[in-house]
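In what follows, every heavy atom counts, from backbone to side chain, and hydrogens, waters and symmetry copies are set aside. A, B, ... follow the sequence lines: proteins, then strands. Residue 1 opens every chain. What you see is a predicted model, and the numbers here were worked out from it, not measured in a lab.
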Amino acid sequence: MKKMSLLIFSGDYDKALAAMILANTAREMEIDVTLFFAFWGLLLLRDPQKMSTEDKTSYEKMFAAMTPKSPEDLPLSKMNFSGIGKQMLLSMMEDEDAPSLTAFLNGAIKKGVKFYGCKLSMEIMGFQIEELLPQVKVMTAKEYIEDALNSDIQLFI
Amino acid sequence: MKKMSLLIFSGDYDKALAAMILANTAREMEIDVTLFFAFWGLLLLRDPQKMSTEDKTSYEKMFAAMTPKSPEDLPLSKMNFSGIGKQMLLSMMEDEDAPSLTAFLNGAIKKGVKFYGCKLSMEIMGFQIEELLPQVKVMTAKEYIEDALNSDIQLFI
Amino acid sequence: MKKMSLLIFSGDYDKALAAMILANTAREMEIDVTLFFAFWGLLLLRDPQKMSTEDKTSYEKMFAAMTPKSPEDLPLSKMNFSGIGKQMLLSMMEDEDAPSLTAFLNGAIKKGVKFYGCKLSMEIMGFQIEELLPQVKVMTAKEYIEDALNSDIQLFI
């Protein structure tokens, strides 16, 4: 079985969309897909219903409060213009009946894409596993590399 | 024959330059090169002589008007300083007789690098194939993945 | 022996951190690691003790003066907030006893990670090999591609 491994470092709406389109498409082709979310990429996995301030230092609380609470809140990597550029992109996507980022995320989960949060990033940013989507498991950098070594496609997004 | 596949997501002058240097160098080594332009990457392929407002929604017209019209108009990913940083880079490149982005693009075309625009991105952004360089063909995400699976090097730029 | 090749284009503190964590972890797994620093990535390799204005054009002097002088001076790719966001990240890293970027760089050098500066980027930006960390060697794009072709993991960071 062919295998694709994406390291999702970025927390941008447009890059997340690209990653999710690749993940969904690969699964439709029966390719095994691993997504490893590190640093800003973890912001794609937050569940706005499950935010918690428990076990967080003051910095971690501040960080959690200052960063986007859900995938739909992520900014564009370019031309965000305080959100106007993003609204424009969303409208253009709707005109083409293209699904939203959340729809692509849900599609990926249903199709069996594997979601992993980077252990070290979660520790530094203070995100507990309970605050993330229930499908997410924790993975170390070592485990990511082992998995990537066995992949036919590896990308850093 | 060895094969390299670059997914060009970014619309930055400096990243485009890096991609084109890799593509040209690989072709000189007789490596087969596929470039898949998605999202902002499509801005590298616009032909300023062939802009059209036909079949465009209002958002698509606005988008086409607000974004760089040709590769040489792309900003830097960093230190652009409203164009001053970019002028500085261009002058430094000239001092070293390094070709411009357009020269690298033309070189890549002459050397047989294959150019593909992402179908979904073109639909969302409203770019018609007639508005892009004549060498560009349309490719789906599925076709990109099939091609990348057979590549020895895959990068997301 | 397995092999990993990272092309480090970005000059952001957070992306540099991600690259160095991958490089250190891979070496601990006895994977051969090549780092190819291009464009802004060269800013990770500057030795603040060894800056020189010799053989530099006026633009190159200006460029050297305007860009970060050492790895610890690099900004974040996001939420840098004129340095406040970065201080926050550094404090959060300290709370978790996570090493700084410099510590990861030194660790990578000790573990035998190979460091290469992109020849063309060094020429354009005017960096002499003497201004960079002593472990850095010069590499052309052609040599990078040859090396990447033989790697099991290739990422563009």
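Heavy-atom proximity under 4.5 angstrom to chain B picks out Phe39(C), Trp40(C), Thr57(C), Tyr59(C), Glu60(C), Met62(C), Phe63(C) from residues 39-63 of chain C. Contact annotation for residues 83-100 of chain B against chain C (heavy-atom separation below 4.5 Å, listed by residue number): Met88(B), Leu89(B), Ser91(B), Met92(B), Met93(B), Asp95(B), Glu96(B), Ala98(B).
Interface remark: of the candidates Asp12(C), Thr67(C), Leu7(C), Asp12(C) forms the most heavy-atom pairs closer than 4.5 Å to chain B. Most heavy-atom pairs under 4.5 Å with chain C, from the set Lys2(B), Lys3(B), Lys15(B): that is Lys15(B).
Looking only at side-chain heavy atoms (C-beta outward), Ile129(C) and Met122(C) come within less than 4.5 Å of each other. Between Thr140(C) and Glu143(C), some side-chain heavy-atom pair lies under the 4.5 Å cut-off. Side-chain contact check for Val113(B) versus Asn24(B): every heavy-atom pair is 4.5 Å or farther apart. A heavy-atom distance below 4.5 Å is not found between the side chains of Ser77(B) and Ser10(B).
Neither the backbone nor the side chain of Leu6(B) has a heavy atom closer than 4.5 Å to any heavy atom of chain C. When heavy atoms are compared at a cutoff of 4.5 Å, Ser151(B) does not approach chain C at all. Heavy-atom distances place the side chain of Leu120(C), and not its backbone, under 4.5 Å from chain B. There is no contact between Ala38(C) and chain B, counting heavy-atom distances below 4.5 Å. Contact of Leu155(C) with chain B is made through the backbone alone, with heavy-atom distances under 4.5 Å.
Note that OG1 of Thr25(C) is 5.5 Å distant from CD of Glu28(C), once rounded to the nearest 0.5 Å. In this structure, CG in Asp14(B) is found 5.0 Å from CG in Leu76(B), a value given to the nearest 0.5 Å.
Annotation: ring pair (Phe, Tyr, Trp, His ring centres under 6.0 Å) contacts involving residues 104-144 of chain B, sequence neighbours excluded, comprise Phe36(B)-Tyr144(B), Phe37(B)-Phe115(B). Every pair tested for salt bridge (charged side-chain N to carboxylate O under 4.0 Å, His left out) that includes a residue from residues 62-75 of chain B fails, sequence neighbours excluded, so the list is empty.
The two residues Ile31(B) and Met4(B) come nearest to each other via the heavy atoms CG2-N, 3.8 Å. Of all heavy-atom pairs between Ala19(B) and Ile8(B), the closest is CB-CD1, 3.6 Å. Taking all atoms of both residues into account, the shortest heavy-atom contact from Val136(C) to Gly117(C) is CG1-N, 3.6 Å.
Counting heavy-atom neighbours within 6.0 Å of Lys78(C) NZ, excluding the residue itself, gives a total above 12.
Between the side chains of Asp147(B) and Ser5(B), no donor N or O sits under 3.5 Å from an acceptor N or O.
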